[in-house]
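Chain identifiers are assigned alphabetically (A, B, ...) following the order of the sequence lines, protein sequences preceding nucleic acid strands; residue numbering begins at 1 within each chain.
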Amino acid sequence: MDRPVRLRYAPSPTGAQHLGGIRTALYNYLFVKKVGGKLILRIEDTDQTRYVPGAEEYVINSCKWAGIEFDEGVHIGGPHAPYRQSERKDLYRKYADELIEKGHAYYAFDTPEELEAMRNRMMEQGNPSPAYDHITRQYMQNSVALSKDEVEKRIQNGDPYVIRIKMPRNEEIKFHDLIRGWVTFNSSQLDDKVLFKSDGMPTYHLANVVDDYLMEITHVVRGEEWLPSAPTHVMTYKMFGWENVMPSFAHLPLILKPEGNGKLSKRDGDKYGFPLYSLDWKEQNISGLKEKGFLPEAYINFIAFLGWNPGTDQEIFSREELIQAFSFERIGKSGARFDPEKAKWFNQQHIKLKSGEALADLLQPYLEQKILLLTAIIW
RNA sequence: GGCCCGUUCAUCUAGGGGUUAGGAUACAAGAUUUUCAUUCUUGGUACAGGGGUUCGAUUCCCCUACGGGCUACCA
């Protein structure tokens, strides 16, 4: 199955983007450049309630600054346009319907209150993690439990509903991760995830699979937080009959806070006096590593090393060297802690590599500003 | 709690059945320097614990501990 290599970076425009997102984009980019594939920028804005104006621009600008270039995407178009999921809205419904027809999905009419009641009831009964699964669905308000007439009546009635995946019972789901090797799950442990929301939008789980299929994506490179839902995605590919063109998966280790526990978050920037973002994000009063004086080449060099290494003693890499050296096999499995001190060292090394002229050019805007200020004072 | 993933110096990591367990950052000490997000030298610190397998495990297997992720009509 030798298909042209196509990868995508698919962020959701929910706010300022940090190191982790750019690193994901970078690994996508490095691999594509190395093997001569195409890189796509797709915006996953299926959750209208979390949409943040300007976030999309921010993603595009951060990538541009870091030198991550796309071949297709929201900002440049391409053969699979549109690349914004909200603009592809009409497309998803028919795929959800297809799954219902095949008996792999069903309508569910449960209200948020009913869902909560179900969870509370189960927790009282000693189940710490209530799930809408192959057992629960039998006594909920859905087209599996309800009579055909009742279901039809409700739909005619205009009752809001979602479409859920009908996860089979006791089936082994196994897939090969480029970084972790074989990962196995049992479908009985998986819940009936919502594929299509009552507001007419698909969830990530549906939109992601459908778009990756439609856009002929060959490799899905994303953060480790997606690993638990990967089996649901694999199952979805199977239900559609798309196994033969299912992309390979690479789940990246998380980037951890400089101190303490947990993955890197927005607050860490201010807390450690060392912003994590690559561009200014005025609305939130956060300035980035760019404003801090970081060179793009130092930034990507450092970020590439958060989880990946070339296996040699070389640490300072140009963009081209990074592309040549990169491979998924050399990405580690454990989370990497972000170390501001080492980041600074990388920047220093790259500054030293710059010629006097290049440095002068970089300094120019700052000097001009100072001169302007001085003349203003003098006059 | 359940499921999944992980665990080599303080940090990023290399390595891998027999090594003085290597490098880098940071740190410490010293030297050089009119200035510097200089430079040089030296130094200390690591295979989570317990069982196997083996002539021999840091490396392979199992268990425990610890860490992390997920557990939404969020991505």
Student: Touch check for A:Tyr204, heavy atoms < 4.0 angstrom, all strands: base, sugar-phosphate only, or nothing?
Tutor: base
Student: Under a plain distance cut-off of 3.5 Å, with no hydrogens placed, do A:Glu72 and A:Tyr83 share a side-chain donor-acceptor pair?
Tutor: yes
Student: On the nucleotide B:G6, are OP1 or OP2 found under 4.0 Å from the side-chain N or O atoms that A:Arg180 carries?
Tutor: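 So the side chain of A:Arg180 is outside the cut-off, no N or O lying under 4.0 Å from OP1 or OP2 of B:G6.
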Student: Taking all heavy atoms of A:Met140 and all of A:Glu114, pick out the closest pair and write down the distance.
Tutor: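 A:Met140 and A:Glu114 have their closest heavy atoms at CE-O, 4.3 Å.
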Student: Yes or no on side chain to side chain contact (heavy atoms under 4.5 Å, CB included) for A:Trp345 and A:Ile316, after CA distance, side-chain angles and deciding distance?
Tutor: CA-CA 10 Å; A:Trp345 177 80; A:Ile316 303 305; 4.0 Å; yes
Student: Within the structure shown, what part of the strands sits under 4.0 Å from A:Phe185 by heavy-atom distance: base, sugar-phosphate, or nothing?
Tutor: sugar-phosphate
Student: Touch check for A:Val162, heavy atoms < 4.0 angstrom, all strands: base, sugar-phosphate only, or nothing?
Tutor: base
Student: If the P atom of B:C5 is compared with that of B:U64, how far apart are they to the nearest Å?
Tutor: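 My reading of the P atoms in B:C5 and B:U64 gives 15 Å.
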Student: List the protein contact pattern of nucleotides 27-44 of chain B with one symbol per nucleotide (5' to 3'): B for base contact, S for sugar-phosphate-only contact, - for none; contact means a heavy-atom distance under 4.0 Å.
Tutor: ----------BSS-----
Student: Quick check: any donor-acceptor pair below 3.5 Å linking the side-chain of A:Ser229 to the base of B:C70?
Tutor: no
Student: Would you classify A:Asp110 as touching base, sugar-phosphate or nothing, given that sugar-phosphate means primed atoms plus P, OP1 and OP2, and contacts are heavy atoms under 4.0 Å?
Tutor: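 Since a base atom lies under 4.0 Å of A:Asp110, the category is base.
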Student: Tell me the interatomic distance from A:Asp313, atom CG, to B:U25, atom P, rounded to whole angstroms.
Tutor: 11 Å
Student: Hey, would you say the A:Phe328 and A:Tyr27 ring centroids sit under 6.0 Å apart?
Tutor: no
Student: Base, sugar-phosphate, or nothing: which does A:Thr46 touch, judged by heavy atoms less than 4.0 Å apart?
Tutor: sugar-phosphate
Student: Under 4.0 angstrom, heavy atoms only, what part of the nucleic acid is A:Ser334 near: base, sugar-phosphate, or nothing?
Tutor: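 Here A:Ser334 touches the backbone only, sparing every base.
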Student: Whole angstroms only, please: what is the CG-P distance between A:Asp47 and B:C73?
Tutor: 12 Å
Student: Both distances under 3.5 Å, Watson-Crick or G-U wobble: report the partner of B:C73, or none.
Tutor: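 Pair assignment: B:C73 / none.
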Student: What contact category does A:Arg330 fall into here, base, sugar-phosphate, or nothing, at under 4.0 angstrom with non-hydrogen atoms?
Tutor: sugar-phosphate
Student: Charged N to carboxylate O below 4.0 Å: is that the case for A:Glu171 and A:Arg169?
Tutor: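 Between A:Arg169 and A:Glu171 there is no salt bridge, as every charged N stays at least 4.0 Å from the carboxylate O atoms.
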Student: Distance between the C1' atoms of B:U45 and B:C40, in whole angstroms?
Tutor: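 So the two C1' atoms sit 23 Å from each other.
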Student: Which listed nucleotide (B:U13, B:G69, B:G2) is nearest to the side chain of A:Ala336?
Tutor: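 Output: B:U13.
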Student: Report which part of the nucleic acid A:Gly126 touches: base, sugar-phosphate, or nothing (heavy-atom distance under 4.0 Å, all strands).
Tutor: nothing
Student: Please state how far atom CZ in A:Phe175 lies from atom C1' in B:C5, giving the value in whole angstrom units.
Tutor: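 Atom CZ in A:Phe175 sits about 11 Å away from atom C1' in B:C5.
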Student: What is the distance, rounded to the nearest whole Å, between atom CH2 of A:Trp226 and atom P of B:C74?
Tutor: 11 Å
Student: Does a side chain donor of either A:Asp47 or A:Tyr204 reach within less than 3.5 Å of an acceptor in the other side chain?
Tutor: no
Student: For the pair made of CD in A:Gln48 and P in B:A72, what is the distance, rounded to whole Å?
Tutor: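 Answer to the nearest Å: 21 Å.
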Student: Any idea which of B:G68, B:A75, B:C73 is nearest the A:Glu224 side chain?
Tutor: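 Looking only at heavy atoms from C-beta outward on A:Glu224, the closest nucleotide is B:G68.
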Student: Please confirm whether any donor atom in the side chain of A:Lys193 sits under 3.5 Å from an acceptor in the base of B:A72, or the reverse.
Tutor: no
Student: Atom CG of A:Asn309 and atom P of B:A24: how far apart are they, to the nearest Å?
Tutor: 14 Å
Student: I need the CE-P distance between A:Met123 and B:G2, as an integer number of Å.
Tutor: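 The answer, rounded to whole Å, is 16 Å.
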Student: Going by purine N1 to pyrimidine N3 plus the second Watson-Crick contact, or the G-U wobble pair, all under 3.5 Å, which nucleotide sits opposite B:U20?
Tutor: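 Paired with no nucleotide.
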Student: Verify, without hydrogens or angle tests, whether A:Asn142 (side chain) and A:Arg137 (backbone) share a donor-acceptor contact under 3.5 angstrom.
Tutor: yes
